Amino acid sequence: MFCQHCGKEISEGQAFCQFCGGKTTAAPAPGMGREHTAWEDEGTQLTFGGLVATLKESLFNPSDFFRKMNVSGGMTNPILYALITGMVGWMAYYFWEIVFHDTLRDLLPSTTHTGFDIFAETGLVIKAILTPFMLIIGLFIWSGILHVLLLLVRGAKNGFEATFRVVSYISGASIFLIIPLCGAFLSAIWTLVLAVIGLRDAHGTSGGKATFVVLFPLIICCAFVALFSLLVLGTVAASFGTMPQQPWK
């Protein structure tokens, strides 16, 4: 058979083209109407075309993507996907940090920056080494928190692996970090949107439950930050109140 997008010859029954990553007219894999993602499909597994196709579909057509995504099949491929997209995004973010720091330094020549110059390259190398480990740890921690909350609201229709796969594939939103200045904001917002859609469609639960599960940890964190800020302000105010008054001369 031939790919209807690029016209190149591909294997019969192949769901995605290994050359362009486009979806073919082949029948989906059996099993509750779910199928492999382009990143995991036999013909495009771990290929650049599969990566691009998965990024495109998961970022811009998430409902269809997560509704069809296999909720089992192992964690290795989703982890690799999250690592690749995460490393590309975060290394770009670190690059922009250095670029804009140098720009500000040139605008403010009187600012002392010797220490930063000495450790800048070393700091970037350390970040590049630690980032993959932090990404993997983050995948498991966030997946665990979300899945526990899904269990509490009776929204986990599938196992932990389904939640983990959702978290891994929404990590593709890290690619927005390559956009300077506003990339981090876009990445954070779209990650939350994808998390709601992904959990809803992967577990077949309601949008309300999925939204609660995604936003509840953020609300708790904000509450703790607000409480801590109030305690600090209260302590500072109390310390000023107990200072001895100087007599008027």
Side-chain angles (χ1 to χ4, degrees), residues 1-90 132 135-136 138-140 142-143 146-147 156-178 187 190-191 193-205 210:
M1 62 180 291
F2 294 88
C3 173
Q4 64 266 37
H5 303 289
C6 65
K8 294 185 178 179
E9 187 174 5
I10 57 177
S11 302
E12 287 291 336
Q14 194 169 305
F16 296 91
C17 173
Q18 69 267 33
F19 301 105
C20 68
K23 201 168 187 178
T24 69
T25 55
M32 299 182 65
R34 293 187 177 274
E35 59 189 38
H36 293 299
T37 64
W39 179 246
E40 297 180 271
D41 187 65
E42 183 178 354
T44 55
Q45 187 177 30
L46 307 182
T47 64
F48 180 74
L51 178 70
V52 172
T54 302
L55 264 176
K56 181 180 178 181
E57 192 171 1
S58 62
L59 292 178
F60 304 112
N61 191 17
S63 185
D64 187 56
F65 176 84
F66 288 108
R67 191 183 303 114
K68 294 179 180 179
M69 180 195 72
N70 253 352
V71 294
S72 61
M75 299 181 181
T76 303
N77 288 337
I79 288 176
L80 287 175
Y81 176 85
L83 278 177
I84 293 172
T85 54
M87 285 299 296
V88 170
W90 280 105
L135 288 173
I136 294 175
L139 288 177
F140 281 96
W142 196 23
S143 299
L146 293 178
H147 197 69
K157 305 295 177 62
N158 295 303
F160 171 77
E161 187 177 344
T163 304
F164 185 85
R165 292 169 71 83
V166 168
V167 172
S168 297
Y169 280 114
I170 66 175
S171 298
S174 299
I175 207 72
F176 289 125
L177 292 172
I178 65 177
S187 176
W190 200 237
T191 297
V193 174
L194 293 178
V196 172
I197 296 173
L199 293 177
R200 181 196 67 189
D201 293 332
H203 284 280
T205 188

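All values derive from a computational prediction rather than experimental measurement. In this chain, residues are counted from 1 in sequence order.
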Q. Trp90 and Ser174: which non-hydrogen atoms are nearest, and at how many Å?
A. NE1-OG, 4.3 Å
Q. If you measure from CD on Glu42 to NE2 on His36, what distance do you get to the nearest 0.5 Å?
A. 8.5 Å
Q: I would like to know whether Leu55 and Tyr81 meet side-chain contact (heavy atoms from CB on, under 4.5 Å); could you show each step before the answer?
A: CA-CA 9 Å; Leu55 264 176; Tyr81 176 85; 3.3 Å; yes
Q: For the residue pair Val71 and Glu161, establish whether any side-chain heavy-atom pair is separated by less than 4.5 Å.
A: no
Q) Could you walk me through whether Ile84 and Trp39 pass the side-chain contact (heavy atoms from CB on, under 4.5 Å) check? A) CA-CA 12 Å; Ile84 293 172; Trp39 179 246; 3.7 Å; yes
(Q) Taking the side chain as everything from C-beta on, heavy atoms only, tell me whether Phe65 gets closer than 4.5 Å to Asp201. (A) no
**Q.** Test side-chain contact (heavy atoms from CB on, under 4.5 Å) applied to Ile170 and Val193, step by step
**A.** CA-CA 9 Å; Ile170 66 175; Val193 174; over 6 Å; no
Q | Contact summary for Ala195 and Trp142, nearest pair of heavy atoms | A | CB-CH2, 4.2 Å
(Q) Would you compute the distance between atom OG of Ser63 and atom CG of Leu194 and round it to the nearest 0.5 angstrom? (A) 11.0 Å
Q | Heavy-atom side-chain proximity of Glu57 to Phe66 below 4.5 angstrom | A | no
Q | Distance-only side-chain donor-acceptor flag, Thr37 / Tyr169, under 3.5 Å | A | yes
Q. What distance do Thr85 atom OG1 and Ile178 atom CD1 have between them, rounded to the nearest 0.5 Å?
A. 11.5 Å
Q: For Arg67 and Pro62, indicate whether the former's side chain and the latter's backbone hold a donor-acceptor pair under 3.5 Å.
A: no
Q) Under 4.0 Å between a Lys/Arg side-chain N and an Asp/Glu carboxylate O for Arg165 and Glu40? A) yes
(Q) Donor-acceptor check, side chain of Thr44 to backbone of Thr47, threshold 3.5 angstrom: yes or no? (A) no
Q: Kindly say whether Phe140 contributes a backbone atom to a donor-acceptor pair with the side chain of Ser143 at under 3.5 angstrom?
A: no
(Q) On a heavy-atom basis, which atom in Ala162 and which in Met69 lie closest, and how many Å separate them? (A) O-CE, 4.3 Å
Q. In terms of ring plane angle, is the pair His147 and His203 parallel, tilted or perpendicular, where the classes change at 30° and 60°?
A. tilted
Q. Do the non-hydrogen side-chain atoms of Pro132 and Met87 ever get within less than 4.5 Å of each other?
A. yes
(Q) With heavy-atom distances below 4.5 Å as the criterion, would you say the side chains of Asn70 and Glu35 are in contact? (A) no
Q) If you measure from CG on Leu139 to CG on Leu83, what distance do you get to the nearest 0.5 Å? A) 7.0 Å
**Q.** Trace of the side-chain contact (heavy atoms from CB on, under 4.5 Å) decision for Phe48 with Val52
**A.** CA-CA 6 Å; Phe48 180 74; Val52 172; 3.6 Å; yes
Q) Quick one: CD on Gln45 to CG on Leu80, what's the gap to the nearest 0.5 Å? A) 9.5 Å
Q. Does Thr205 reach the main-chain N or O of Arg200 with its side chain, forming a donor-acceptor pair under 3.5 Å?
A. no
Q | Side-chain heavy atoms of Phe164 within contact of Ile79, under 4.5 Å | A | yes
Q: Over all heavy atoms of both residues, which pair between Ser187 and Ala173 is shortest? Give the atoms and the distance, please.
A: OG-O, 3.1 Å
Q: Could you pull out the closest heavy-atom pair between Ala38 and Thr54, with the gap in Å?
A: CB-OG1, 3.5 Å
Q: Working to the nearest 0.5 Å, report the span between CG of Leu46 and CG of Asp41.
A: 11.0 Å
